[in-house]
Amino acid sequence: PNDRPEDESERGLRVSDRGFLNTAVIESSITYIDGDNGILRYRGYPIEQLAAKSSFLECAYLLIYGSLPTRAQLSYFEPEVLNHGVMHADAAGFFRAFRYDAHPMAILTSAFAYLGSYYREANPSLQGQNIYTNGAKGDPAALQNMDKQIFRLIGKATTLAAMAYRVRQGREFVVPPTGMSYTESFLFQLDHLSHSDAFPTALTSGGATYRPHPVLVRALDILFILHADHEMNASSTTVLQTGSSLPDPYSAIAAGCASLYGPLHGGANEAVIRMLVSIRSPENVPEFLAAVKRREKVLSGFGHRVYKTSDPRSFIIRKVADEVFAVTGADPLLNTAMALHDAALKDDYFVSRKLAPNVDFWSGLIYRAMGFPMDFFPVLFVVPRVVGWLAHWRQGVKIWRPRQIYVGPSERPYVPLEERQ
Ligand code: ACO
């Protein structure tokens, strides 16, 4: 109990591990990372094979339920997710209440919490039963309830993201279409390429009826696969931390969304673009790297808490970038990016610190080429990561209540205001 702060010798060892460098908070069978050898697997399957052969929703099933779906399982799961994409008409008012220039992550974070207010059966405190701990123990009714929230959250993630996108443009919302895959439906709802001066209708593949370009659909599907999970990163631990006190999962996902917003996590690919814009051209790369070594700048898109070699996703993404550029035209920043990448990988300063490109080094360039504004990049990370968050959430955790090492003053008497120096 908390009323015994002094003598805790019988409570075992307390370790101080700033930044959780060496603390494993759960045992998990979802995602495996070998940071020294650049290996990433979902449920045992190498990320390279999944990116080449799988679809995003198939990977979602794999991450959440532990095995690749059979045809029957997929033909149940996919429509369950896609049919849950439709939002209540009232939601339009919620989105329109934001300022015209609100950051889409602020809108999306709030939208997930707002979504939870619709579903009483998802709220353990209203249900009077511990639906989520029972679910983690395998209780079928509780699991069914959890699955319903999972279908809803994955299905509505694209809809909420598209609404956050369109409301800032003052455009009507789009009801999710039928007959399209998850990523095609998302691009359809955004419908940004057909309305951008920079991307003429030649990029659309459906003539009079807009249909997202199949190459861009597949590229986004692969990017979603790569971003679906990455074990105990900042946002996933936030979801587990929040979920551990048993709020509805919409609130836990909103918390994860807020964590991902930060520039050291989901904001890194935006930082890469800003960095490349500031470098301007390949001949300025040496000067920029010198500034990094003087610690005046950060080489965004390089370095990772776990990978001490290249992030395996960065190779896949580099290939996707070429496929996207073949459709959209190469990004003018590409040459600078390649010069920076090659120079850093040959430089002792970065090599000795085991700093190599992470997934974000290239992803921003792809999103930019596809016409997304920079502040939408973290949203494109959240949508697929909802799957990983839910996979971890479904496993359940005991309430997380970490301890601290107190280093403040010992007891001292209260000093009245007039006596304070
Ligand atoms: N640029 C310059 N130097 C760096 C960078 C970088 N990107 N990353 C690490 N270093 C240096 C550190 O200054 C430190 O040097 P020192 O030992 O001389 O003091 C050394 O490399 C070790 O780095 P740490 O900070 O200890 O590594 P940590 O694991 O704490 O940080 C992080 C990881 C936050 C990702 C860091 O590498 C970084 O800030 N990278 C840039 C941001 C980024 O790309 N984030 C995306 C991560 S991937 C994702 O979220 C999907």
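Atoms within each ligand, like the ligands themselves, are counted from 1 in listed order. The first residue of the sequence shown is numbered 1, and numbering continues consecutively from there.
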Starting from [atom], which protein heavy atom do you reach first, and at what distance in Å?
atom                    : result
atom 35 (C) of ligand 1 : G303 O, 3.7 Å
atom 27 (O) of ligand 1 : K308 NZ, 4.7 Å
atom 43 (C) of ligand 1 : A268 CB, 3.6 Å
atom 39 (O) of ligand 1 : L264 CD2, 3.9 Å
atom 51 (C) of ligand 1 : D360 OD2, 3.4 Å

*Is V382 close to T109 at the side-chain level, that is, under 4.5 Å between some pair of heavy atoms?*
no
*asked:* Quick one, F361 and L340 - any side-chain contact, counting heavy atoms below 4.5 Å?
replied: yes
Contact bool for [atom] (protein heavy atom, d < 4.0 Å):
atom                    : answer
atom 32 (C) of ligand 1 : no
atom 16 (P) of ligand 1 : yes
atom 47 (C) of ligand 1 : yes
atom 7 (N) of ligand 1  : yes
atom 25 (O) of ligand 1 : no
atom 22 (C) of ligand 1 : no

*Quick one: does D221's side chain have a donor or acceptor within less than 3.5 Å of a partner on S55's backbone?*
no
*Backbone N or O of D311 within a donor-acceptor pair of the S314 side chain at under 3.5 Å?*
yes
Do [X] and ligand 1 have an N or O pair less than 3.5 Å apart?
X    : value
R313 : no
L355 : no
L299 : yes
H265 : yes
R295 : yes
F302 : yes
N358 : yes

*Whether over 12 other heavy atoms sit under 6.0 Å from E296 CD*: yes
*Which of these, R43, R385, H392, sits in a side-chain hydrogen bond (donor to acceptor under 3.5 Å, both in side chains) with D229?*
H392
Specify whether [X] and [Y] have parallel, tilted or perpendicular ring planes, treating 30° as the upper limit for parallel and 60° as the lower limit for perpendicular.
X    : Y    : answer
Y165 : F372 : perpendicular
H341 : F302 : perpendicular
F186 : F224 : tilted

*Check each of V320, I317, N358 against S363 using the side chain to side chain contact (heavy atoms under 4.5 Å, CB included) test, and report the only one that passes.*
I317
*Which is closest to atom 28 (P) of ligand 1 in terms of heavy atoms, R385, H304, H230, R305?*
R305
Between [X] and ligand 1, which part of the residue brings a heavy atom under 4.0 Å of the ligand: side chain, backbone, both or neither?
X    : value
V292 : side chain
R353 : side chain
V359 : side chain

*Assess the side chains of S181 and E184: does a donor N or O sit below 3.5 Å from an acceptor N or O?*
no
*Pairwise distance OH(Y349) to CG(L289) - rounded to 0.5 angstrom*: 10.5 Å
*Taking the six-membered ring for Trp and the full ring for Phe, Tyr or His, determine whether the centres of F94 and H88 are under 6.0 Å apart.*
no
